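Basis for what follows: all heavy atoms, side chains included, without hydrogens, waters or symmetry-related copies. Bear in mind the structure is a predicted one, so any value in this text is a computation, not a measurement. In listed order, ligands and their atoms are each counted from 1.
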Amino acid sequence: MLHQIDPVLTAAQAFLGERISRNAAIREQHSHGEDTNPPALPDAVAFVETTEEVAKILALCNRYRVPVVPFGAGTSLEGHVTPIRGGLSLDLSRMNRILEVNAEDMDCRVEAGVTRQALNAHLRDLGLFFPVDPGSECTLGGMCATRASGTNAVRYGTIRENVLGLTVVLADGRVIQTGRRVRKSATGYDLTRLFIGSEGTLGVITEIQLRLHGIPEAMSAAVCQFADLKGTVETVVDVMQAGIPVARMEFLDDVQMRAAIAFSKLEGFAARPTLFFEFHGTHASVIEQAKLAEALAQEHGGSDFRWATETTERSRLWKARHDAYWAALALRPGYRALTTDAIVPISRLPEAILGARADIDASGFTAPMVGHVGDGNFHTVILFPPEPGALERAWALDRKIVARALALGGSCSGEHGVGLGKREFLEQEHGAGALAVMRSLKATLDPHGILNPGKIFLN
Ligand SMILES: Cc1cc2nc3c(=O)[nH]c(=O)nc-3n(C[C@H](O)[C@H](O)[C@H](O)COP(=O)(O)OP(=O)(O)OC[C@H]3O[C@@H](n4cnc5c(N)ncnc54)[C@H](O)[C@@H]3O)c2cc1C
C-alpha cells in the first residue's frame, strides 16, 4: 500500500506539536516488542493523550492510507507492534488516567494506557483489586487487544471476563461506546468481545470499563514439589476435576525451578517439578481447599505443602513466578527466547506437557517450562544462541508443540495472541469458513486496511 505520511505529519503537528516525532531513537523503540521477529521502523510515532486526538489522527491516516499500529507498553511476544508496513506507531502510554472508581458497584473506568500495577496501587485502600495479571508491566489497552490473562485466570477469568465496556475509535475516526456498567446485558451483538483480542486491527481502544473484585478475607500460598513431571501434571488435572476453586495453580518444571532458585534466591527448594498454589476465601474455606489439594498432590508423589501466609513471603513467591521469563533468560547469557503458548483441554494436559518435554529433549535446546496449568495453558521458553539457523530450529520446536496442542483439541495461543508469529496456524485452528468471516469483519471495519496491517491474517 502506498501511503503519504507527510500530509498526516503536517496536519497532526497542529494539535500534537512535539508529541508527533520522527526522532530515530523513538522510532527504534517502537520498531519491535518482546519477540524474535525482525524489527521494522515506523515512519513516525505519535504520543496521544485524549480520545479526540486518536479520532483526529485516525481520520487523517485513513484519508492518506497511512498504516497505524497502536502501541501500549510493547511487551507483546508475537511481533504485534512491529510496523511491518511502516506508517505511524500510535503510543497510548500517556493515556494513563484512572477516570472513575465505583466502589459500591465494584467497577471502574480507565484510559487505555493505565497499567494493571498502577490500577491495583490505586485500588488497594478501597479493599478492591483487579485480578488479571500478565507477568509484565503492560497496559490495560494492550491486555484488551491481546485478550491477555495470567496466574489468576483460573479463578477470576481472563481480561475478556473482566471488561464491561470500551470506548473505541474506528479506522475512519468515528468514536463508539460498547457495553454498559452492568454485569450482563442481552442486547445486540457483543461488540466489546469483538474488540477484545483484535490486536489493534479493528479499532483503537481508548477507555475501558472494568469489573473489580473484593480483596478476599484470607489468602494463602503454598508450594509443592514432585518427584516427576507426570505426577505434577496429573495433580493439576485432579485438582480441577475435583472442583477445588484454586485462585492460582502455576507449574514450573525442574529446569525453570533451577533458574528461579538462582535468579530469585528461592532458598530451600529443589530443582524439581513444582506447583505454586494460592487459595482465596474465608479463613475456613482456604484451609479446606488447601487440605483437599494437598491430599491430591500426595497421591501423585507431591511433598508436604510449604506455606506462605504472610504478605511478604507470598509476594516473594509470586514475584519469583512472575520473573520466570527473566530467570529463564539468565540461564544462558547472550541467548534469546522464543516462548510457546499452547493450551489444551485440561484432561489432555499430561499428554501435551510430557510430549513437549520429549520434543525439547530431542531438540537439544534448554527450554524451561512454566504454565497457568489450571487453564490448560503452558509456556516453553526456548533459549536459542545467536547463531545462524538457531531461531529456525527453535521455531521448528514451537511448531511441534503447537501441532500436538491442536491435535488434542487445543489452541496455538492461550493468551499471547497471533501477531505475526501464530498466523500460520489460524486456518487449521478455526477452519477456512470462520477465518473468512473474520476477514469480512476486518474489511467492514477497516476497508482501507490501515489498522495494524499484516497481523492475525497471512497476506
Ligand atoms: C516477561 C513477560 C511476561 C508475560 N506474561 C504474560 C502473561 O502471563 N499473560 C499474558 O497474557 N501475556 C503475557 N505477556 C505478553 C504481554 O505482556 C501481553 O500480551 C500484554 O497484554 C501486552 O500489553 P502491552 O501494553 O505491552 O501491548 P503492546 O505490546 O504495546 O501491544 C500489543 C497489541 O495490542 C495492540 N494494542 C495495544 N494497545 C492498544 C489499544 N489501546 N487499542 C488497540 N490495540 C492496542 C497493539 O497494536 C498490538 O497488536 C508477557 C510478556 C512478557 C515480556
For atom 23 (O) of ligand 1, closest protein heavy-atom neighbour:
Cys138 CB, 3.3 Å
Does any pair with a residue in residues 200-212 pass side-chain hydrogen bond (donor to acceptor under 3.5 Å, both in side chains), and if so which ones, sequence neighbours excluded?
Thr51-Thr206, Asp107-Gln209, Arg109-Glu207, Arg109-Gln209
Close-contact set for ligand 1 against His372 heavy atoms, below 4.0 Å:
8 (O)
Once you restrict to heavy atoms under 4.0 Å, what part of Thr75 touches ligand 1? Side chain, backbone, both or neither.
both
Do the charged groups of Glu199 and Lys455 touch, with an N to O distance under 4.0 Å?
no
Which residue holds the protein heavy atom closest to atom 46 (C) of ligand 1, what is that atom called, and what is the gap in Å?
Pro70 O, 3.0 Å
When distances are taken from atom 19 (O) of ligand 1, the protein heavy atom at minimum range is Thr146 OG1, 3.4 Å
Determine the interplanar angle of the Tyr156 and His280 rings, folded into 0 to 90°, and report it as parallel if under 30°, tilted if 30 to 60°, perpendicular if over 60°.
tilted
I want to confirm something. Looking only at heavy atoms, which of Pro134, Gly141, Gly72 is nearest to atom 13 (C) of ligand 1?
Pro134
Kindly identify the option in Ser136, Gly419, Ser76 whose heavy atom sits closest to atom 52 (C) of ligand 1.
Ser136
I would like to know whether Asp35 and Glu78 meet side-chain contact (heavy atoms from CB on, under 4.5 Å); could you show each step before the answer?
CA-CA 6 Å; Asp35 52 82; Glu78 295 289 0; 5.8 Å; no
Residue, atom name and distance, where the atom is the protein heavy atom closest to atom 28 (P) of ligand 1
Gly74 N, 3.5 Å
Under 4.0 angstrom from ligand 1, any heavy atom of His322?
no
Do we get Lys442 above Phe457's six-membered ring, with its NZ or CZ under 6.0 Å from the centre and within 45° of the axis?
no
Check this for me: does any side-chain nitrogen of one of Arg399 and Glu424 sit under 4.0 Å from a carboxylate oxygen of the other?
yes
One finds that the ligand 1 atoms under 4.0 Å from a non-hydrogen atom of Glu415 are 7 (C), 8 (O), 9 (N), 10 (C), 11 (O)
Residues Ser93, Asp91; criterion side-chain hydrogen bond (donor to acceptor under 3.5 Å, both in side chains); working and verdict:
CA-CA 6 Å; Ser93 61; Asp91 188 314; 2.6 Å; yes
Between Arg348 and Glu351, does any NZ, NE, NH1 or NH2 come within less than 4.0 Å of an OD or OE carboxylate oxygen?
yes
Taking 4.0 Å as the limit for heavy-atom contacts, which would you say applies to Thr139 with ligand 1: side chain only, backbone only, both, or neither?
both
Number the atoms of ligand 1 from 1 as they appear, then name those within less than 4.0 Å of a heavy atom of Ala145, with their elements.
34 (O), 35 (C), 36 (N), 44 (N), 45 (C)
Numbering as shown, the atoms of ligand 1 that approach Glu199 to under 4.0 Å (heavy-atom distance):
47 (O), 49 (O)
Short list, please: which atoms of ligand 1 are under 4.0 Å from a heavy atom of Asn452?
47 (O), 49 (O)
Among all protein heavy atoms in this structure, tell me which lies nearest to atom 5 (N) of ligand 1, with the distance rounded to 0.1 Å.
Gly135 N, 3.1 Å
Flag Ala73 as yes when one of its N or O atoms lies below 3.5 Å from any N or O atom of ligand 1, and as no otherwise.
yes
What pairs of residues pass the ring-ring contact (aromatic ring centres under 6.0 Å, His included) test when at least one of them lies in residues 40-77, not counting sequence neighbours?
His30-Phe47, His30-Phe71
Could you see which bit of His80 sits under 4.0 Å from ligand 1, with heavy atoms only: side chain, backbone, both or neither?
both
Indicate yes or no: does Arg155 engage Asp375 in a salt bridge with an N to O separation below 4.0 Å.
no
Please step through side-chain hydrogen bond (donor to acceptor under 3.5 Å, both in side chains) for the pair Ser413 and Asp341, ending with a clear verdict.
CA-CA 5 Å; Ser413 177; Asp341 183 32; 2.6 Å; yes
Under 4.0 Å from a heavy atom of Gly200: give me the atoms of ligand 1 that qualify, with their elements.
43 (C), 44 (N)
Give the residue, atom name and distance (to 0.1 Å) of the protein heavy atom nearest atom 37 (C) of ligand 1.
Gly142 CA, 3.6 Å
CD (Glu387) with more than 12 external heavy atoms under 6.0 Å
yes
Any Lys/Arg nitrogen of Arg258 or Asp253 sitting under 4.0 Å from an Asp/Glu carboxylate oxygen of the other?
no
Please state which part of Ile205 comes within less than 4.0 Å of ligand 1, counting heavy atoms only: side chain, backbone, both or neither.
both
Who's closest to atom 9 (N) of ligand 1 heavy-atom-wise, of Ser149, Gly150, Ala148?
Ser149
Report, in ascending order of atom number, the atoms of ligand 1 lying under 4.0 Å from any heavy atom of Tyr325.
1 (C)
Starting from atom 14 (N) of ligand 1, what is the nearest protein heavy atom, named by residue and atom, and what distance separates them?
Leu77 CD1, 3.9 Å
Nearest non-hydrogen contact with atom 43 (C) of ligand 1 belongs to which option: Ala328, Gly33, Gly203?
Gly203
The test is side-chain contact (heavy atoms from CB on, under 4.5 Å); show your working for Thr274 and Thr232 and say whether it passes.
CA-CA 7 Å; Thr274 302; Thr232 321; over 6 Å; no
Test side-chain hydrogen bond (donor to acceptor under 3.5 Å, both in side chains) on Glu278 and Trp318; report intermediate values, then the result.
CA-CA 10 Å; Glu278 190 162 278; Trp318 288 111; 2.7 Å; yes
Within 4.0 Å of some non-hydrogen atom of Glu34, the atoms of ligand 1 are 53 (C)
What protein heavy atom sits nearest atom 31 (O) of ligand 1, and how far off is it?
Val81 CG1, 3.4 Å
With heavy atoms and a 4.0 Å threshold, my read on which part of Lys455 contacts ligand 1 is neither
Heteroatom proximity flag, Val204 to ligand 1, N/O under 3.5 Å
no
Flag the pair Glu49 and Arg19 as a salt bridge only when some basic side-chain nitrogen lies within less than 4.0 angstrom of an acidic carboxylate oxygen.
yes
Which atom of His379 lies closest to which atom of Thr339, heavy atoms considered:
CB-CG2, 4.0 Å
Examine Asp133 against ligand 1 and note whether any of their N/O atoms are separated by less than 3.5 Å.
no
